[in-house]
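A short worksheet on the structure shown next.
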Amino acid sequence: MGLAKTEMFTEGQNRISLFAKVFGHPARVAILQHLFKMNACVCGDLVNEIGLAQPTISQHLKELKNLGLIKGNVEGTSVCYCIDKKNWTAMKTIMMEFLDQDVSQDMDCC
């Protein structure tokens with residue numbers, strides 16, 4: 001199997017794809033839901049809340065942080081995470097524009 005050849009696609013298409021990928025795992029969805037529910041920086045209780053091992057949680061946090069949907073601050077020996085409001089809003093705008101597309105009522109195919 002070859003490379004993904006993402007350079008063939010627009011920046012917008014690549015961004016939508018990355019957002020879709022990050023939402024493609026229920027653990028990441030659960031992490032985001034927990035961060036929204038807490039409405040504050042969360043430090044270390046994700047393992048108990050989500051029910052996965054620390055290394056697994058860390059990998060999912062890394063994916064969310066790399067995409068900019070969350071941010072983290074070091075506090076002592078732990079890292080505290082919260083939703084990055086600016087990037088979350090930007091992601092919602094991009095995804096809503098994509099998801100708000102509809103097939104024309106006049107279209108009759110297949």
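Nothing here was measured: the structure is a model prediction, and the numbers come from that model. The residues of the chain are indexed from 1 along the displayed sequence.
Here the closest non-hydrogen pair linking L52 and A27 is CD1-CB, 3.6 Å. Considering every non-hydrogen atom in both N87 and D84, the closest pair reads N-OD1, 3.1 Å. Heavy-atom minimum distance, L61 versus I31: CD2-CG2, 3.8 Å. Closest approach of L18 and L67 over heavy atoms only: O-CD2, 3.6 Å.
Two different hydrophobic clusters hold F9 and I94 under the rule that ILVMFWY side chains link at heavy-atom gaps under 4.5 Å. By the rule that hydrophobic residues join a cluster once side-chain heavy atoms approach within less than 4.5 Å of another member, M96 and M91 end up as members of separate clusters.
Using modelled atom types and a 3.5 Å distance limit, the side chains of Q59 and T56 yield no donor-acceptor pair.
Within the model, atoms NZ of K92 and CD of E97 stand 13.0 Å from one another, a figure rounded to the nearest 0.5 Å. Separating the NZ atom in K62 from the CZ atom in R28 is a distance of 12.0 Å, to the nearest 0.5 Å. The NZ atom of K71 sits 7.5 Å away from the SG atom of C41 when rounded to the nearest 0.5 Å. Separation of atoms CE (M38) and SG (C43) is listed at 10.0 Å; rounding is to 0.5 Å. One finds the OH atom of Y81 at 10.5 Å from the CD1 atom of I57 (value rounded to the nearest 0.5 Å).
Remark: the backbone N or O of K85 is paired with a side-chain donor or acceptor of T89 at under 3.5 angstrom. Checking side-chain atoms of N14 against main-chain N and O of T10 turns up a donor-acceptor pair under 3.5 Å.
Counting heavy atoms from C-beta outward, Q13 and E11 have side chains that stay 4.5 Å or more apart. Side chains of F19 and L69 form a contact here, defined as non-hydrogen atoms less than 4.5 Å apart. Within the 4.5 Å cutoff, the side chain of K21 has no heavy atoms near those of the S17 side chain.
If you run side-chain contact (heavy atoms from CB on, under 4.5 Å) between L64 and each of L35, I83, I70, only I70 comes through.
Under the 30°/60° scheme for interplanar angles, the aromatic rings of W88 and F23 are found to stand perpendicular.
By the 6.0 Å contact criterion, CZ on F98 is open, its count of non-hydrogen atoms from other residues, nucleotides or ligands being 12 or less. The number of heavy atoms from other shown groups lying within 6.0 Å of CD (Q54) is above 12.
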